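Encoded as structure tokens, the structure appears first; notes follow it.
Please read these numbers as outputs of a predicted model, since none were measured by experiment.
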Amino acid sequence: MSMGAEDFSFYTEKMAAAFFMIGTKNETLDPKRLWHSPYLVIDEEVLPIGAALHAAVAISYLDNIDAAVTH
């Protein structure tokens, strides 16, 4: 894992945070371009997995906030 030139770390100075990496490379789709290219090819079949991951994190966070408020 590498943060490279990512500015995400500045968010973590203000609040707890996490950086999720979801694999989108599929060699059968001929992914010859790197990130941040208008020609990037990703395996779109992984997008529902990423959406489910983010939804689960949000639900978990909200459940914990609700539990803290009601106790």
Rounded distance (nearest 0.5 Å) linking atom CD1 of Ile22 with atom CD1 of Ile49:
8.0 Å
Side chains of Ile59 and Asp63 in contact at under 4.5 Å (non-hydrogen atoms)
yes
Which residues share a side chain to side chain contact (heavy atoms under 4.5 Å, CB included) with Ala51, sequence neighbours left out
none
Return each pair, listed once, that meets side chain to side chain donor-acceptor pair (under 3.5 Å) where at least one residue sits in residues 43-57; pairs must be two or more places apart or across chains.
Asn26-Asp43
Which atom names give the shortest non-hydrogen contact between Ala17 and Thr12, and what distance separates them?
CB-CG2, 3.5 Å
